[in-house]
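Report on the following structure.
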2 protein chains.
Amino acid sequence: MELSKTSYVILGMLKLGRRTGYEIKALVDVSTRFFWAASYGQIYPELARLEKQGLVKGEVDRTNGRRPKAYELTAAGERALRDWLTSDDPLHIELRHEGALKFFFSDALTPEEQLDQLRRTRRTHEDLAAQLRAIEPESEAGKPPAPLMTLEFGIAYQEFLAGWCAEAERRLTPGQVKKGS
Amino acid sequence: MELSKTSYVILGMLKLGRRTGYEIKALVDVSTRFFWAASYGQIYPELARLEKQGLVKGEVDRTNGRRPKAYELTAAGERALRDWLTSDDPLHIELRHEGALKFFFSDALTPEEQLDQLRRTRRTHEDLAAQLRAIEPESEAGKPPAPLMTLEFGIAYQEFLAGWCAEAERRLTPGQVKKGS
DNA sequence: GGCGTCATGTAATACGTTACATGATTAC
DNA sequence: GTAATCATGTAACGTATTACATGACGCC
C-alpha cells in the first residue's frame with residue numbers, strides 16, 4: 001500500500017468537488033469525523049505529497065488578492081480513489097473505547113461506582129447521538145444516498161452503544177434477576 | 001494526565017494478578033483487544049516506566065534458572081488505577097472504520113460495486129463476531145461479571161455492525177424487477 | 001479597532017506497529 | 001534435534017494530535 005487511509009479521505013472529498021485544505025477539514029468534521037478523523041497537521045502535508053505524486057492539482061486563486069489554494073483530482077487521482085474503493089484488501093477497522101476498558105476492570109469498584117461509570121459512558125453516547133442528529137443533512141431527491149445513510153449509521157451506532165450501557169445498568173442494578181439464572 | 005490509557009490496561013491486568021509482560025500481552029489479545037489493543041512495543045517500555053514511577057514492582061523469578069520478570073501492583077499503582085476507574089474525565093472514544101469510509105464515498109461506484117463493498121464489510125464483522133464467540137469464557141458463579149459482559153458486548157457490537165450492513169444492502173438493492181435469482 | 005472566520009503551514013511530541021535480535025524451556 | 005512456545009527487549013518507521021506562528025478579509 002502506498003497511500004495512507006487518510007489520503008483517501010482527501011481524494012474522496014476532492015472527488016466531490018474542488019476544495020482548499022481548510023474546506024476539506026471542515027467537511028471531514030461534519031461527515032467522516034466519527035469514523036475517520038483528520039487534522040490540519042495531516043491534511044496540509046498530505047495534500048503536498050499527493051500533489052508531488054500527481055494525484056491532485058492545486059491552484060492558487062488570486063482573482064481578488066486572496067490566497068486560498070484549491071485542489072482538484074487529476075485523472076491519476078481519480079484512478080487511485082477508484083482502485084481503493086473497489087479493492088478487497090482487508091479493511092482497517094479499529095475501536096478505542098475507554099468506557100469499555102473501564103467497564104472491563106470495573107469489578108474492582110463498588111457496585112455504585114461501577115454503575116456511575118456505565119451511566120457516564122451512556123451519556124457520552126447519548127450526547128454524540130444528539131450531536132449527529134443536529135447535523136441537518138441536505139437530502140434532496142436524486143442526490144447520492146450514501147452520505148445521508150452514513151449519517152444515519154452514525155446515529156444508530158451511538159444509540160446502539162447507549163442502549164447497551166442502559167441494558168448493562170439494568171443487569172447490574174441490585175434487586176434485578178440475573179440473566180440466565 | 002500523566003499516564004497513557006494503555007498504561008491503565010497494564011495496571012488493570014496486574015490488578016487481576018501478578019504477571020509478566022508476555023502474559024499481559026496474551027491476556028489483552030483475548031480480552032480488551034477489540035476495544036483497546038496493545039503491542040509488545042508498548043507494553044515492555046511502559047512496564048519499565050511504571051516501575052520507575054513506583055506504580056508496579058517487578059521481580060525476576062530465578063527459582064529454576066528462568067528469567068520471566070513478573071510484575072505486581074504497588075499501593076500507589078492500585079491508587080492510580082482506582083483514580084482512573086472512578087474519574088469523570090471525558091472518555092477517549094474513537095473509531096476508525098475503513099468500511100464506513102468507503103461507503104461514504106461509494107456513490108462514485110456502480111450499484112453492484114457499491115453492494116460488493118457493503119457485503120465485504122458485513123462479512124468482516126460476521127467473522128469478527130465468530131472469533132469472539134470462539135473465545136470460551138470461564139464463567140463461574142461468584143466470578144466478577146464485567147469481563148464476561150464485555151465479551152458479550154463485543155459480540156453484540158460486531159453483530160450490530162453486520163446487521164447494519166445487511167440493512168443497507170437491502171435498501172440499496174434495486175426492487176425485484178429481475179427474475180431468476 | 002477588534003472580533004470572527006478563512007486560510008496555510010510547521011514543530012514538538014505522543015502514540016503505536018512491525019520487524020528484528022536473542023535466547024531459554026518444553027514437548028514430541 | 002527440532003519445532004513450538006515462552007520470554008524480553010529495541011529500532012525504525014508511520015501515523016496523528018496539539019500548539020504555535022502568521023496573516024488577510026469582512027463586519028460591526
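All chains are named by letter (A, B, ...) in the order of the sequence lines, taking the proteins before the strands, and each is independently numbered beginning at 1. This structure is a prediction, so every number in the text was calculated from the model and none was measured.
Scanning residues 41-48 of chain B for heavy-atom distances under 4.0 Å to DNA chain C yields B/G41, B/Q42.
In this model, the phosphate group of D/dT8 is not approached by any side-chain N or O of B/Y22 to a distance below 4.0 Å at OP1 or OP2. Between B/S39 and C/dT18 there is no side-chain N or O to OP1 or OP2 distance below 4.0 Å. At D/dT15, none of the side-chain N or O atoms of B/R96 fall inside 4.0 Å of OP1 or OP2 (strictly under the cut-off). Distances shorter than 4.0 Å separate none of the side-chain N or O atoms of A/T20 from OP1 or OP2 on C/dC6.
One interatomic measurement links the two molecules: NZ of A/K25 to C1' of D/dA19, which rounds to 14 Å at whole-angstrom precision. One can place OH of A/Y8 at 11 Å from P of D/dT15, the figure rounded to the nearest angstrom. Here D/dA16 presents its C1' atom at 16 Å from NZ of A/K5, a figure rounded to the nearest Å. Rounded to an integer number of Å, the gap from B/R33 CZ to C/dG16 P is 16 Å. Here D/dA7 presents its P atom at 9 Å from OH of B/Y40, a figure rounded to the nearest Å. Look at NE2 on B/H92: it is 12 Å from C1' on C/dG16, rounded to the nearest Å. Here the C1' atom of nucleotide D/dG9 and the CD1 atom of B/I10 are 14 Å apart, to the nearest Å. Here the C1' atom of nucleotide D/dG14 and the CG atom of A/L3 are 14 Å apart, to the nearest Å.
The side chain to side chain contact (heavy atoms under 4.5 Å, CB included) test applied to B/T173 returns B/L115, not counting sequence neighbours. The side chain to side chain contact (heavy atoms under 4.5 Å, CB included) check on A/S39 picks up A/Q42, with sequence neighbours excluded. Evaluation of the salt bridge (charged side-chain N to carboxylate O under 4.0 Å, His left out) rule for A/R79 yields no partner, not counting sequence neighbours. Under the salt bridge (charged side-chain N to carboxylate O under 4.0 Å, His left out) criterion, A/E23 pairs with no residue at all, not counting sequence neighbours. With sequence neighbours left out, B/Y71 forms a side chain to side chain donor-acceptor pair (under 3.5 Å) with no residue at all. Every residue two or more places apart in sequence or in another chain was checked for a salt bridge (charged side-chain N to carboxylate O under 4.0 Å, His left out) with B/R120, and none qualifies.
Taking only side-chain atoms of A/E23, from C-beta outward, the nucleotide of D/dA7, C/dA7, C/dT17 with the closest atom is C/dA7.
Under the salt bridge (charged side-chain N to carboxylate O under 4.0 Å, His left out) criterion, the residue pairs touching residues 148-158 of chain A are A/E152-B/R171, with sequence neighbours excluded.
Mapping B/Y71 and B/E94 onto DNA chain D by nearest heavy atom places B/Y71 at the nucleotide closer to the 5' end.
Between the CZ atom in B/F103 and the CH2 atom in B/W164 there is a gap of 4.5 Å [rounded to 0.5 Å].
One end of the helix from C/dG1-D/dC28 to C/dC28-D/dG1 points its axis 20° away from the other end's axis, with each axis taken from 5 pairs and the angle rounded to 10°.
Of the charged side-chain nitrogens involved, at least one lies within less than 4.0 Å of a carboxylate oxygen, so that A/R82 and B/E113 count as a salt-bridged pair.
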